[in-house]
Structures are given as structure tokens and as C-alpha cells.
Amino acid sequence: MLRILAPDGELVAEPPATVDTRALYRAMTVARVFDRRGSALQRQGRLATYAPFEGQEAAQIGSVAALRPDDWLVATYRDAAAMWSQGYPMELLIAGRTGHEGGGAPPESVNVLPPSITVGAHMLHAVGLAWAERYRRSDRVALTMFGDGATSEGDFHEAMNFAGVYRVGCVFLCQNNGWAISLPTERQTAAATLADKAIGYGMPGVRVDGNDVLAVYEATEAAVLRARGGDGPTLIEAVTYRVGPHTTADDPGRYRAEEQTEAWRQRDPIDRLRRYLAGRGEWSRPWQDELEREAAGLVDAAVTAAEALPAFTAGEIFDATFAELPPLLAEQRGWATGAADPAGPA
Amino acid sequence: MLRILAPDGELVAEPPATVDTRALYRAMTVARVFDRRGSALQRQGRLATYAPFEGQEAAQIGSVAALRPDDWLVATYRDAAAMWSQGYPMELLIAGRTGHEGGGAPPESVNVLPPSITVGAHMLHAVGLAWAERYRRSDRVALTMFGDGATSEGDFHEAMNFAGVYRVGCVFLCQNNGWAISLPTERQTAAATLADKAIGYGMPGVRVDGNDVLAVYEATEAAVLRARGGDGPTLIEAVTYRVGPHTTADDPGRYRAEEQTEAWRQRDPIDRLRRYLAGRGEWSRPWQDELEREAAGLVDAAVTAAEALPAFTAGEIFDATFAELPPLLAEQRGWATGAADPAGPA
Amino acid sequence: MATRTLAQAINHALGLALSERDDVVLLGEDIGAAGGVFRLTDGLLERFGRGRVIDTPVAESGIVGVGYGMALAGLRPVLEIQFMGFSYPAFDQVISHVSRIRNRSRHRFTAPLVIRMPYGGGIGAAEHHSESTEALYAHVPGLKVVVPSRPADAAGLLRSAIEDPDPVVFLEPIRLYRAVREELPDRPEPVPLGSAAIERPGTDLTLLAWGAMMTETRAAAEELASTGVHAEVLDVRSLVPLDVATIAASVAKTGRAVVVHEAPRTGGFGAEIVAQIQERCLYSLEAPVARVTGWDTVFPLKRSERHYLPSTERIVAAARRVLAG
Amino acid sequence: MATRTLAQAINHALGLALSERDDVVLLGEDIGAAGGVFRLTDGLLERFGRGRVIDTPVAESGIVGVGYGMALAGLRPVLEIQFMGFSYPAFDQVISHVSRIRNRSRHRFTAPLVIRMPYGGGIGAAEHHSESTEALYAHVPGLKVVVPSRPADAAGLLRSAIEDPDPVVFLEPIRLYRAVREELPDRPEPVPLGSAAIERPGTDLTLLAWGAMMTETRAAAEELASTGVHAEVLDVRSLVPLDVATIAASVAKTGRAVVVHEAPRTGGFGAEIVAQIQERCLYSLEAPVARVTGWDTVFPLKRSERHYLPSTERIVAAARRVLAG
Ligand SMILES: Cc1ncc(C[n+]2csc(CCOP(=O)(O)OP(=O)(O)O)c2C)c(N)n1
Ligand SMILES: Cc1ncc(C[n+]2csc(CCOP(=O)(O)OP(=O)(O)O)c2C)c(N)n1
Ligand SMILES: [Mg+2]
Ligand SMILES: [Mg+2]
């Protein structure tokens, strides 16, 4: 398992030269603040649902840091940190979770798909995106994120297989956070590791300490370079842990021992990076305070903007079904908006 | 790659002690006669479709020879030799191909499913069957056969994964016959071998010369013993070749060179076994003639019986939709049989 | 006897089936220790063990395909798909195999299994969590499709579904899981598949619905009653087999009908019911049968969900138009 | 100008799209060197190369999921599913992703792709090779579904489908691939999606069908004509968007209608057409709209196939009943 920072923050291998470690720390800190706020907002009934990623900040921020701003990111409901870090506006991440479709519409310049709610299907989309880029002679790559659970779906297999066969510039980043809701990774597969699954597709499989942001960065950077260079896909298994519940509706007490979670809390990725930075004199309490203030400000503003988005009118729920409303849909829209008799042509 | 008999019929490893080699030869000979007849019947318009298996007799007969008569077999449109060898009546194999649903109804004592026409889905069924047997404390196993092409489907992945996770007594026998219709195996996957795919599911993967009936038998026997003993599933890749067209509607000349096919014809599995038997004085021309006569007789009788099956009446197409006909279906049956106005309740 | 919600009634019927029949096994995602995302299988792992209450990997085609294999060998698997919106990866297994094996093998092999799925909107859920695509399943020959709307029916239909020799898709209205309670005996009466329930007799028009939409439909009947209109309310309950006799008899009597469903309108199962009614009762019809349905749009997220689901008002308005027709 | 079969018209339209638009790519099983199992892509690999005519592994979800990803990036993939019966492994990709992304992203991302599928019975094919499940796709919001019945429409609808900004399921009647020829210009006129064709004007009743069933429907109209009955024949062509205006105008005029399809009756798209007609034209209807359809059974194999498919006789008989009603 690739590791650069030990849990105590000591270097155990050469750190990557190309990364701004303090920027990673900042992003992870913002993500943590976002995440805690997400859970709180959901408890207040202000979000429809929320899937916390606490403990997975290194896997998300470290991997995305290896992307170019115009690369594609295709991720899930749990990957808000990654999506934000690749340019997806935070207010839209929140808007979606309040139950507003507007959350799925990032600006044109952002090559990030709305989060995938279905497990498994989206990896194929990343393969298609990466392929289309190559078709157009662009060297953009696609990175797709998914959980351990997603590796059980047939679509994972088809995506990996297509990527392997056509040597598509796609990076498969699996956050093995130990659980697919209540099913632990070891009951999801009999394979020794998830990275081993790469062998069946003729691509490299790399296992990395997912709570070590430098290791995640390094592994992803290598995979991205391969992809960009036309040398094909890579599977990265980032070994991490979902410290919180699956979603705010979940009660982990039903299926796992608090001690396990506590042990992983001790391996917190942000703490680890803080120890490293502190050891090098690159971290200070005032900086931390400043970061937290900044983060709170960002999140506050995003929440305000998201909640200020006007809810759709009845007519608007029709308007993005097709480019143009076909007659029957226009008729229904009329009924829904009261422009025509709501009972329909009875 | 496991091999016991070299193409010239020489032993290159110890032959399995538990198999009746002459019986294998007989079965392969009958299968070849059946197969040639199948293609001929189709050309005469007497079969709706036919998928020849010439060249794959060793893979089919050798593997099934390792089963107990009450074990399950879940195979495909191309596996008539295997199915017959596991007890599926030859006349039913033909009946199905004439376009008669009766072909899907083997006797109660035969634990063989009707052939799977969809690619991929049926492997899961074998996993379920094997699991149900264990649930009932029976030591029956299930063997499922599929092609190289089927390994690209998501269901292959899910079947392998379930089998691995629950250590189900299922043997996965892949006949890598070089082609999924027009797509050669090397363009289906970037994996080094199909057997390598086992690694991702934590099960053993074995590669065997699929035109060496003794090697196929030995590999399958080991897998069956593992499965029966509760030690879980195995993937076997039997490397062989589809010498004929995909089906009688296919023209291989469009996508492959005749030389390749010719080279594989030289590695014919029946010739190989004949050389071996002849070398040991266990083969003779009169025996061969007798076998061919016997085979022709079996196939003739099967064809006659299949064609004699009366076609369904209009009413019969309704009668196996459910255990009992629900009212709307009974009504439709009435229309179809003329018992009620055929236009329906217009 | 005990008072039970619809969710508890299902949990109870599952427990009963597991204890009465050795051949019943449950498979699904998070149905074990977690007790299911809606707690429908709560306590069953503890009572019946991991051999019979089987947590699966996240693989719907696998759940259905493996369950189907078990059914072929004579078991009675009851499969849980976590939400109806996640049933589509298993669609091929259902339409190509589960529903066809009896015909393919002329009764030699059968697939007596149940696929349970929570369905429907109204809880402000995330994308894909509010599906109501019963019409897709109802169009598949060889499959039965039932939808309870009350605790007793949930238990009774589930018992029948498990006993049924053919595969049954069993849809559970999420919104009603905990909405009402009913007294239920410890061994609830099986409710035969294929029978609609006349919930409320009436003479002026027929209101037809199923599952979660029964709530709005009942409320609409109440409201109509308050203005002197006597609506007959039918809980269709079983889409396949469809109880056409009861439906046609009701509409022949009332001459007017409104069909309600939350699925999209085009190709929804309401169209089939309208077609059946006009085939059988055209000459009794005083007005076109009205459909009050979800729209032909993706089911909206929480903040606009209310624009989508048929409301009591929409049903009442449709009824009034039909009465005026 | 050249005379072309329906298969040749599609082949021609595909070639045209590939040569006119750089962003068009084809993906499918055996579409390259083999030219497709029905030879629909014959010669295209040679003309446009492996980069644009892409043979895929046997993985339908992969074909649609990857094609969808390409469409998101702005390409115009035209995907071939070898037979409609093999489209179900991709059903989740279609219903959960392809059809929804425009709404999910409020127009930011779109999926302008075409999924071509040979469909329908009548050629004595093996199991799963005779499917006609258009109703499943027509029920999915965000998806268009078209079915040509003649060469010019095949080319014209395919051109429109490829140009369309939204995903289109394009169904090809296997039985008609080589049944008739039509003169076609080298650049066939696009046929707009969403328009039914009045093939034969008439006053006594309306016959509605699509795809392969047009053959029997046309023959029924001929036969009726020989007894002095003037049937108006509508080729529906586009199930979504549905040309309700043309349908309703015809039935309002004739007062009688028969809808024909080979799919199973229950929940078939005929039910939707019946529902639309009775909603819009009830008071003009002289008799119930009749449905002449496939049965609610699995599509039979070759030796009993003839018991299943709607025949000219069945259509004529239904028409006569409707006329007598
Ligand atoms: C196709 C599908 N099946 C089931 C679900 C319900 N579900 C949501 S998340 C989840 C577990 C996924 O686990 P994993 O892939 O490890 O991701 P994690 O939640 O741990 O980030 C399940 C079963 C779904 N969203 N989609
Ligand atoms: C789900 C599905 N997709 C496509 C097909 C069409 N088809 C029939 S056989 C075949 C190739 C299968 O190749 P392989 O698995 O190697 O088996 P082989 O025919 O070589 O025995 C294809 C694509 C099918 N039957 N089912
Ligand atoms: Mg996980
Ligand atoms: Mg093959």
C-alpha cells in the first residue's frame, strides 16, 4: 500500500514535488466544515438528505488535486469535496441537497457531472467522456470516483472492461471506505484487495493509503499522466473509512462497533497532514483559525445562495424534459400551471 | 496452460485415472455427428437456427464428464453436446431448434436448464442453483458454461462476485472459442487471459487446452471436487476455437482469415483423442464405423421425434404463462382459439 | 391481534413466512443487521440467521438472478430491491428470465419468487428514490404485480405472493409505510392476487387507484360526499392479474370514472384501465374516463415535488368534470 | 435517386450522417467487419474506419453508458443494440441516465444520441429475438421513440433522430428490412419526429399502427375497401412525441378506430392511444376503439409464431365489429 505520510505525520517516503501541501490542507479544512454543516442542516430539515464524507477528505481532495481544471470528474453523492475542489460551485452542491434541480447545472466551464445517485452506472459515463476527448484530439482525461460497494455492480465491470480494451484515458478512483451502507468491504468480495480487480481488465491497480493526502495525490498524478499520455486507464483503491453514518437517515450502531470507527477517527486525514505541516513549521493556530473562518464564510454564503434559489414553479418542472416541449407535454404543463383545466381533457 | 494430450496425441502429463477415455471418444463422436446434422437441417429449413460447436467437443464433453448425473448444468445455445451429455434428451435439443417450446422441458430427473439464448444472464442462475443445493444440505454442484464474449457482460461479474463471496459450489467453465461472433477475444478484454479474471473474485482461475479432453476433464474434476467439498467456485478457461460460423446465418469470411480456422482444424479435439487411443490400441476403424452408425441412428431418431412433436395449437401458447390462466389471459385465449370473437370485446 | 403499520405488517408477514416455510429465504441490500433502509426486515436476521436473511453486495441483477436460480431449485426467495428506482439493473433478469422460464420450459421449471420494492414519491427523497414504474412490470407477460395500500392487504397480499407458484412484483408505497395502523391477526388472512377491493360503494362515479394514491383518492371521495356526490372507490390492488370484472361492473353502474396514479401519464397503467373500461363499458359511459396522473417528466426533487403528485384537489376537479360531462 | 429497401435506407442514412458530421460515431456489437447481424452497417467500417465504426464487447449497458458519456461531451453516438430483446441489460442506463440528464442538469448536459434496435417477430427467430416492447420506452419521460415502416421514413426519421438534441430510441422492423423498396434521393428528406402519416384517407373508420404491423394494417384496409369500406390508415411512426392532433382529427371524423400492435396487449402502447382517443373524441365514438394486439404471453417460437402475430384477418374482423358497433 502506497504511503508517504505515516499517521503520526512523519514522512515515510519522498513527498511529491508538484503539489502545494498547504493548499491541500486548506481544501480539506473547507471540506470538513462543509461536511459538518451538511449534517447539521439536514438535521434542521433544511437539506433533503445528506451523505457525510468525514474521514475521506484526503481521498477526495488529494486525487482531484492531480487533475487539470478542464479535466472531467464523474463522482457520487458522497463526493462533494472532490466536486467542489474541481470547480463545482458549493452553492449548487447544497442546492441539490435541498432538493433543487438547479444543483445539477454547473457553469459551462466546469467539466463535472452532477453527482451520481445510482451506484455503478456513472463509471461508464466517465469512460465515454474520456473517449470523446481523445476522439477530438484533446488530452483531457476523466476521473471517476466510486465506493467499494460500486465495485459489485455489473456496470463497474463493463466500464473497466471498455476502458481497458480501448485504452481510454480514464482514472478509476475507488474510495474503499469500508462500508456499502451496512455491508463491510470483506463481505462484498472475496478478492484480496479491490486493487486486484484491475488485473482482470489488463490495467494497473494501485492500493494507496486513502487517509494520506500526499499518497493519494501521487498515485492519482501517475495515473492521470498515463491517461493523458494515451497509455490507458488505472484503478486506484484508496483505503479509507466512512467515519459518519451512510446518510443522515442511517444508524451505524446497528451494524458496526463504535470502537472500529473510533480507531479510524484516530487516523484522521486532516490531523495527519496538520502534524506534518506543523512539524515543518507550515501550520499555525492563527492560520487554522483563519482557514476555519474562511471556510465558514464560504459555506455560509453557499447555503444562503442555495436556499435563496427560488423553488421551481409548476411549469418549470416540465421545461428541461426535452429541448422543446412536445405537444402532449405542453398540454400537461398547461394543466399543471392552471393555464388549462387541471383535470385534463376529461 | 494445463495440457495432458499434445495435438499429436502424445501424453505430456499423467492422464486422469477416473475417466473412461473411450466413452469420451464415443460422446465426442456422437456430438460431431449431431452438430453436422444440425447445420444440414438448418440449411434445409428444418431448424429455425443452429449454432455449430465443431471444435469445441472436448471442452463440452470433457467438462461434463466430471459431473455427477444429478449435478446442475446451465449452458448456452452452443452447448448441445454438453447438455446431451448431462442427460438432456437429444430430441428436445433438436425440438427447441425447430422452434418448439417443448424443447425446453427436460424430464424431471435431468437437472439441466434449457439453453440460455441471452449472453451473460445465466451464470447467475447457476450460482443460485448451487446455493439452493447447499441450503438443502445437498452436495450437488452447478456447472455453468459460457463463451469468451459472455465475460464482457455485467452479469458475469455479478455471478463471479456472488459465487466468491458466498463460496458457492459453482464451476464457471468458459469456452474461449476465440470469437464473440465477429469480435476476437483479444479485442474483448485487455486482460492477459480470461482465467486471470478469477483473481478479482478471490477464486482460482485455471487455463486449460480446451481441445484436450483429458485436460478439460482433469481441470473440471478438480473444480467440481472443490465445489462439492464446500471450498467454493473455480473459473476454468478452456482455450478452443469455433471452427464453424457463429450460427448458420453468419459468414465468418467477413471477419476472419480462413488460414486461422484451418490451423485450428488441424488441432481438432476428436482427431487428437483418436491418435491417443490408436496409439494405445484402443481405437479401430470398425469401432469408428460402429460409433458413427450408432451416432447417426441416435440423431436420426432424435430428429424424427422432434419433428413429430405436434406444433402448438393457438390455445397452447397461453398455457404456460402462469400456473393458472388469469381471467384476461383466458379471455385472450378464447379469442385466439376462436372460442370467442377474435376481435376481442371491441 | 395487534395494531400494525403497513411496514410492520410486511415485517410480520415476512417473519411468518420464514417461520412457516423452510424454503423461504430473503436476499437484499442491507436487510440483515441494518434491518433494511426502511426497517422492513428489522429483527429477522436475529431470528432466522444469516443463512436465511442474506445481505448481498450492491448488485441488483445479482440479487434477482441468484434468487431466480434458487427458485428454480425449489426455494421461495423473497428479494428486496432497496428502491424501485434501483430495480432497472435487474430488469433483464426479470423480463428475460424470471417471467419466462415457465413458458420456456413448459412448466418444467418455475420461478416462485417475490420481488419487493418500496416505490413512489411524497417524501422529498433524492433522485431515483420516488419511482412509480409499475406499468413497466405490468407489461411483462408471466409476471404478477400487486400494490397494497393498507396494512391488512400488505400482509395478506404478501402471504399470497409468497405462496404463489409464479413470480410476483410486490410494490410497497413508501409514503404509507407508517401512515396508518390496522388491527391484524397474528396469522393475517391471505388476500388473493387478482382481486380489486370496493372500498366505498357509490353510485355517481367510480374512482380507481392503487398504493399511495389511495390516500388522495379516499380524501377526494370524502370531499365529493360532502357535496352529495357518491363516489365508488376501488383499490385496484392487483395490476396483474387485473380484476376487470369488478372494475367493469362498477363503471357499468356509475357510467363515469376517474383513474389515478402517480406514474407518468403516457403509457401509465391508467391507460390500460381506460382501454379496458371503454372496451367493456363504452355504451354506459356518460363522459370520458379521466386520468389524474403524474406528469411525463422526471419525478422532481423535494422543493418542487408538490407540483407533480396528483392531489386531492386534482382528483376532485377531474371528478367534477366527469360528472358534468 | 436509387431504389432502396428499408435496411439499405438506414445504411445509407448512417453513411450520410458519418460523412456529413464529424461528431457522429457508431457503437455496437458486430457492426464493423461483420457489418451488423442484419448488414445494416455494411461497408461503413471500410469507409469511416475503426475510430468511428466501433465494434464493442458483448455488453449492452456498456454500449449505452459509454455512448451516453460520449454524447455528454458533444458527440452524436448512434448505438446499435443487436436485437431489442438484448436492450434490457442497458435499461438502467436508458431510464436512469440517458433520459434524465437534461432535466437533472437543467439543460447544462444533454444526451443527443440514437439507440437503434431491430424489433419484432415474424421471422421465426430464436427466443428473445422477436421482442416488441416499445411501450416500455414510451413510458420513460425524456426519451423519444420512433418506428418507421417504409424506407423513406426510415432514412428520414433516422436523419431527424441524429439531428435531434435529445435521445431517440429508433426501432427497426426486422420483418420489413427487405420487404419493400422505395425510390430515395441521395440526401433523403428528414421526417420530423412527432408526426403521424395519413397513409390512406378514409371516412368509415381509422386504422392505426406502426412498424411491421403496417403491412397487415394496409392489407386490411385493402380488404375492407373491396367491400366498400373506406378505412383511413394512420402510420403512427412516432410514439413519443405522439401526434395526437392527427389521430384525434381522424377519429373525430370517422367515429371508429382500431389500433394494431404486435406487443402484448396489457399495457401496450395501444392502451395509451385508446386512452387519448376516448379522452378527446368520446362523444364522436360510435363504437369502442378496438385493439388488435399480440397476446399477453411470451412471444412463441417459430412453430407457433403464427398464432401470436395480429393477422390481416384479425384486423378486418375487429374493423367489422367496430363498424357494426
Ligand atoms: C443501483 C443502486 N442500488 C442501490 C442503491 C442504494 N445505495 C445507495 S449508496 C449504497 C451503498 C454504496 O456503497 P459504496 O459504493 O461503498 O459507496 P459509499 O456510500 O460507501 O460512499 C447503496 C446500496 C443505489 N443508490 N443505487
Ligand atoms: C445479452 C445479449 N446480447 C447480445 C446477444 C447476441 N449474441 C448472441 S451470441 C453472441 C456472441 C457471444 O459470444 P460468446 O460468449 O463468445 O459465445 P459463442 O457464441 O462464441 O459461443 C452475441 C453477441 C445475445 N444473445 N444476448
Ligand atoms: Mg463504501
Ligand atoms: Mg466465443
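What you see below is based on every heavy atom in this structure, not just the backbone, and it leaves out hydrogens, waters and symmetry mates. Here is the naming used below: chain letters follow the sequence lines, and residue numbers restart at 1 for every chain.
- Highest contact tally toward chain B, considering only L282(C), V240(C), I54(C), is held by I54(C) [criterion: heavy-atom pairs under 4.5 Å].
- Heavy atoms of F156(B) lying under 4.5 Å from chain C are absent altogether.
- Residues R78(B) and H246(B) have side chains that bring a donor and an acceptor to within less than 3.5 angstrom of each other.
- T254(C) and T206(C) share a donor-acceptor pair across their side chains, judged by distance under 3.5 Å alone.
- Checked for salt-bridge contact, R50(C) and D55(C) miss the test: no charged N lies under 4.0 Å from a carboxylate O.
- The two residues E316(B) and A311(B) make their nearest non-hydrogen contact at OE1-O, 4.1 Å.
- Using a distance-only test at 3.5 Å, with no hydrogens or angles considered, no donor-acceptor pair links the side chain of R97(B) to the main chain of G38(B).
- Using a 4.5 Å cut-off between heavy atoms, L328(B) contacts chain C through its side chain alone, with no backbone atom that close.
- The choice from N111(B), V74(B), V110(B) that makes the most heavy-atom pairs within less than 4.5 Å of chain C is V110(B).
- Judged purely by distance below 3.5 Å, without hydrogens or angles, the side chains of E101(B) and N103(C) never pair a donor atom with an acceptor atom.
- Between the side chain of E80(C) and the backbone N or O of D30(C), no donor-acceptor pair lies under 3.5 Å.
- Only the side chain of P165(C) comes within less than 4.5 Å of a heavy atom of chain B; its backbone N, CA, C and O stay farther away.
- With respect to chain B, the highest number of heavy-atom pairs below 4.5 Å among P112(C), P167(C), G142(C), G194(C) belongs to G142(C).
- Counting heavy-atom pairs under 4.5 Å between each of G96(B), G104(B), A163(B) and chain C puts G104(B) at the top.
- For P106(B), the parts lying under 4.5 angstrom from a heavy atom of chain C are both the backbone and the side chain.
- Heavy-atom distances place the side chain of F162(B), and not its backbone, under 4.5 Å from chain C.
- Screening R68(B), R134(B), R226(B) against D139(B) for a salt bridge (charged side-chain N to carboxylate O under 4.0 Å, His left out) leaves a single residue, R68(B).
- Crowding of E324(B) atom CD: a count of heavy atoms from other residues, nucleotides or ligands under 6.0 Å not exceeding 12.
- Note on S105(C), A245(C), P241(C): by heavy-atom pairs under 4.5 Å with chain B, the leading option is S105(C).
- For a heavy-atom cut-off of 4.5 Å, chain B lies close to G62(C), I63(C), G65(C), V66(C), Y68(C), G69(C), M70(C), L72(C), A73(C), G74(C), L75(C) in residues 62-78 of chain C.
- The contact list for residues 86-99 of chain C toward chain B, using heavy atoms and a distance under 4.5 Å, reads D92(C), Q93(C), S96(C), H97(C) by residue number.
- A donor and an acceptor atom, one from each side chain of Q86(B) and D71(B), are nowhere located under 3.5 Å apart.
- Between chain B and the options L143(C), L193(C), L27(C), the largest number of non-hydrogen pairs under 4.5 Å is found for L143(C).
- Using a 4.5 Å cut-off between heavy atoms, D319(B) touches chain C through backbone and side chain atoms alike.
- Separation of atoms CG (L93(B)) and OG1 (T98(B)) is listed at 11.5 Å; rounding is to 0.5 Å.
- Within the 3.5 Å criterion, the main-chain N or O of L208(C) finds no donor-acceptor partner in the side chain of E232(C).
- Here the side chain of R102(C) pairs no donor or acceptor atom with the backbone of D166(C) at under 3.5 angstrom.
- Side chain to side chain, K253(C) and S284(C) fail the donor-acceptor criterion of an N or O pair below 3.5 Å.
- No hydrogens or angles considered: nothing links the side chains of E163(C) and S160(C) as a donor-acceptor pair under 3.5 Å.
- Heavy atoms of L92(B) lying under 4.5 Å from chain C are absent altogether.
- With a 4.5 angstrom heavy-atom cutoff, A159(B) does not touch chain C via any of its atoms.
- Between chain C and the residues P326(B), A132(B), G120(B), A323(B), the most heavy-atom pairs under 4.5 angstrom are made by A323(B).
- In this structure, the side chain of Q188(B) engages the main chain of G149(B) through a donor-acceptor pair within 3.5 Å.
- The contact between T321(B) and chain C is made by backbone and side chain atoms together, counting heavy-atom distances below 4.5 Å.
- At a 4.5 Å heavy-atom cutoff, R140(B) makes no contact with chain C through either its backbone or its side chain.
- A donor-acceptor pair is defined here as one N or O able to donate and one able to accept, closer than 3.5 Å; no such pair exists between the side chain of E133(B) and the backbone of A130(B).
- The heavy-atom pair separating A287(C) from R256(C) by the smallest distance is CB-NH1, 4.2 Å.
- Checked by atom type and distance alone, the side chain of H261(C) pairs as donor or acceptor with a backbone atom of G270(C) at under 3.5 Å.
- Proximity to chain B is absent for every atom of T110(C), based on heavy atoms less than 4.5 angstrom apart.
- For chain C, the option among T118(B), N161(B), L329(B), V127(B) with the highest count of heavy-atom pairs below 4.5 Å is T118(B).
- The choice from T56(C), D164(C), D243(C), I101(C) that makes the most heavy-atom pairs within less than 4.5 Å of chain B is T56(C).
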